[in-house]
Amino acid sequence: MDLIGEKKFDFTKNRKIAYFISSVIILIGLISIIFQGFDYGIDFAGGTLLQIRFDKPISTEEVRNVLGEFNLSRSTIQNLSENEFVLRTEKIDQEQRKEILSSFRENLAELDILRVETVGPVIGENLKKLAIYALLFAFIGIILYITIRFEFKFSIISIIALLHDCLIVLGIFSLFHKEITISIIAAVLTIVGYSLNNTIVILDRLRENIKLKTRESFENLINISVNQSLSRTINTALTTILPILALYFFGGNILSDFALALFLGMVAGTYSSIFIASPLLLEWNKIFKIEQKGIKITTKKKGKK
Amino acid sequence: MNWTKTLRVTSIFVVIFIAIILSFPLNEKINLGLDLQGGSHIILECVDTPNAPVDSDSVNRVLEIIRNRIDQLGVSEPVIQRQGAKRILVQLPGVDDPEAAVEVIGKTALLEFKNEKGETQLTGAHLLNAKESFDQFGRPIVLIEFDKIGAKEFGEATKNNVGKILAITLDGKEISAPVVQEPILDGKAQITGKFTVESAKHLAILLRAGALPVQVEILENRSVGPTLGRDSISKGVKAGIVGLILILLFMLIYYKGFGLIANFALVVCMLLIVGALAGIKATLTLPGIAGIILTIGMAVDANILIFERIKEELKLEKTFRASIDAGFSKAFRTIFDANVTTLIAALALFYFGTGPIKGFAVTLSIGILASMFTAIVVTKIVLELVANKFSYKALV
């Protein structure tokens, strides 16, 4: 069985369409990030999260009314099922929490406390800093590795692809008011590490073809390489996405946003490695006026003059 | 089959065997994180107040008192550590009621007896003992007993306030306001308030362990009840099984005989991950389970790269055996590069991540290493064995 087979798609000819689609998605995301920012979860913003399960169905309104008595009506209330809720409020202390919970018990129904998380602003700021360090560390580490293993040009292209993938995920999270938590940062980091896989597979193939097929134009070499790698690119993406979907649908609410971020990142990563990364090499050569003969770009540095 | 081959096949079995030994029995060998077994992760900070500035000594005393309180709560294997100058980390695995535990830990527990003008007559500093009990009506109460100095002060206080109210407060909040009938000189008293059996017990613990010398603030508290912990495990396992079945089916349908080999390698990979987790005594968290599930998908990637490469080599009219060799050696570099970048990301997470997220970095890293091993070693050996018996056509 061969789903993809030997079909030849012309990726370089239609690359402008891909650039356009990506630009629009990223631009919308960026606008959202700039103007409405991120909805930071309590990990970063500080606050209190309560996950409670009533022993009978309760409406979100009823829960909000009780919170209103404590001047907390602006809290986010997420109902996981008809009797299970996740409440996110500003930071409330033990005493206040106790009063709120007993008010729930008196006015609504008996309940079970499943999860309590309280993060003070100091810890939140600290976690924010750590998240930024982690992202920087990963980015720099990966750039260094790619630069050592490949040409500098490849590493720049990989970074653009990475930024592309991260921006799409973060943009969508900002646009749809999805919370940014530590898990989401972990997902983004995983995407940073993984989405490179497919780009590397294709770039590796390109590097090989450059050596083997010296007579082809660079444009053709890119097309050949992407096509040759297409079935493995799609299959490896598919096998990674299948368990992520399982995680999203069966893994419970704590992991669902994490799985969603991974899913978006994997889709964006696969798309960018096929439609964006390799065609960008062509732009690079055009910008730096490198002759479109494969042989010239294999020898490091010579081509850059 | 020659010697080297026998040795290689044996080595696979030895590795699998070790992994199984390490991870059996599963529920004893795998440490569950607080988010899976239920429990609390608390960071306290000692805060300066005009009356009680924080110094190193007071932080140590706070640490001791909190340790004392936790011991009396009966938590098994708690972690109580000083973190930096003013912070204290407390981890309480497996507590049934994390909220109550947090309450007992964070309270200053300053017991005061105040006269009608609100002036403090004496504090609980000279308590000898405190224990929960019941009064003649069967209501929960707390019995307290002062030491010599305390008994004298208490005697004075009661003598000065006969016929008046001598309020008992905890951290400034009134617990009860009894009227003194006659001076109490034996240093024994009972506190009646609106207690439940539980709250009387907690107050007794607090009074026995003593008041904290400085005020503490809860900077971070992450508590998971045992119900949610169990729930998370079963959901994680379910997602893992569904993911695994999807992958096994996909590989079998798409790659047939090759897929079967990849599936075998995947199962070995899973065994290795669990064995390694048990072997290094890592803590499995909920994000850690997610890391394992993610690895299920990533593990077959290397196999896909190898199989696709072999297919290509066959198109160049090479023999099956030659194609296998060429396929592995050409795919190796790609597999290696791709995994190193994921590993760098995992390392960043491990280094800068906190709590459960660290667990994700751990399982992801172990998963990547195990999947590389299984793809490059296990798949290759199995494929070579199969190639001796079957033609390429028989596998696809």
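This is a predicted model, so every value here is computed, not measured. Letters go in sequence order (proteins before strands), and every chain restarts at 1.
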With ring-ring contact (aromatic ring centres under 6.0 Å, His included) as the test, would you mind laying out the steps for Y351(B) and Y133(A) before giving the verdict?
CA-CA 10 Å; Y351(B) 196 69; Y133(A) 288 159; 9.8 Å; no
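- Of the listed residues (S223(B), A345(B), G106(B)), the greatest number of heavy-atom pairs within a distance under 4.5 Å of chain A belongs to S223(B).
- Looking at I357(B), only its side chain comes within 4.5 Å of chain A, counting heavy atoms on both sides.
- With contacts defined as side-chain heavy-atom distances shorter than 4.5 Å, the pair N221(B)/V116(A) qualifies.
- Residue E312(B) touches chain A through its side chain alone, counting heavy-atom pairs closer than 4.5 Å.
- Residues F249(A) and K238(B) fail the side-chain proximity criterion, which asks for heavy atoms closer than 4.5 Å.
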- Message: Would D231(B) and R115(A) count as a salt bridge (Lys or Arg N to Asp or Glu O under 4.0 Å) here? Give the steps.
- Response: CA-CA 12 Å; D231(B) 216 34; R115(A) 180 160 62 121; over 6 Å; no
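- No side-chain heavy atom of L135(A) sits under 4.5 Å from any side-chain heavy atom of F352(B).
- Of the charged side-chain nitrogens involved, at least one lies within less than 4.0 Å of a carboxylate oxygen, so that D43(A) and R222(B) count as a salt-bridged pair.
- E208(A) has no carboxylate O lying under 4.0 Å from a charged side-chain N of R333(B), or vice versa, which leaves the two without a salt bridge.
- Using a 4.5 Å cut-off between heavy atoms, V242(B) contacts chain A through both its backbone and its side chain.
- When each of L255(A), L196(A), V192(A) is checked for heavy-atom pairs under 4.5 Å with chain B, L255(A) comes out on top.
- Side-chain N or O atoms of T227(B) include none that pairs as donor or acceptor with a backbone N or O of L114(A) at under 3.5 Å.
- For D97(B), no part lies near chain A; criterion is any non-hydrogen pair under 4.5 Å.
- Counting heavy atoms from C-beta outward, F360(B) and T190(A) have side chains that approach closer than 4.5 Å.
- Between G193(A) and T341(B) the shortest heavy-atom distance is O-OG1, 3.1 Å.
- Interface remark: I142(A) contributes backbone and side-chain atoms alike to the contact with chain B (heavy atom separation under 4.5 Å).
- Neither the backbone nor the side chain of L49(A) has a heavy atom closer than 4.5 Å to any heavy atom of chain B.
- Using a 4.5 Å cut-off between heavy atoms, A346(B) does not touch chain A at all.
- A salt bridge does not link D204(A) with K330(B): none of the charged nitrogens is closer than 4.0 Å to a carboxylate oxygen.
- At a 4.5 Å heavy-atom cutoff, the contact between L262(A) and chain B is made by side-chain atoms alone.
- For a residue to count as touching a neighbouring chain, one of its non-hydrogen atoms must lie under 4.5 Å from one of that chain's; by this rule Y255(B) touches chain A with the side chain only.
- A salt bridge does not link K98(A) with E99(B): every distance from a Lys NZ or Arg NE/NH1/NH2 to an Asp or Glu carboxylate oxygen is 4.0 Å or more.
- Neither the backbone nor the side chain of K358(B) comes within less than 4.5 Å of any heavy atom of chain A.
- Contact tally against chain B (heavy-atom pairs below 4.5 Å) for R53(A), Q94(A), K91(A): the top residue is Q94(A).
- Contact annotation: the side chain of I254(A) approaches that of L228(B) to within less than 4.5 Å [non-hydrogen atoms, C-beta and beyond].
- With 3.5 Å as the limit, one finds a donor-acceptor pair spanning the side chains of Y194(A) and D301(B).
- If you measure heavy-atom distances from L136(A) to chain B, you find no contacts under 4.5 Å at all.
- Heavy atoms closer than 4.5 Å to chain A are found in the side chain of L364(B), but not in its backbone.
- Inter-residue side-chain proximity for E220(B) and T118(A) is flagged as unmet; no heavy-atom pair is nearer than 4.5 Å.
- With a threshold of 4.5 angstrom between heavy atoms, I146(A) approaches chain B through side-chain atoms but not through N, CA, C or O.
- The contact between S232(B) and chain A is made entirely by side chain atoms (from C-beta outward), counting heavy-atom distances below 4.5 Å.
- In this structure, L242(A) and L246(B) approach most closely via the heavy-atom pair O-CD1, 4.0 Å.
- Here the closest heavy-atom approach between residue G243(B) and residue A246(A) is recorded as N-CB, 3.6 Å.
- Closest heavy-atom contact between T240(A) and M298(B): CG2-CG, 4.2 Å.
- Judged purely by distance below 3.5 Å, without hydrogens or angles, the side chains of E308(B) and S231(A) pair a donor atom with an acceptor atom.
- In this structure, chain A has a heavy atom under 4.5 Å from the side chain of R87(B), while its backbone stays farther away.
- There is no contact between L203(A) and chain B, counting heavy-atom distances below 4.5 Å.
- In this structure the side chain of F250(A) never reaches within 4.5 angstrom of the side chain of I241(B), judged on heavy atoms.
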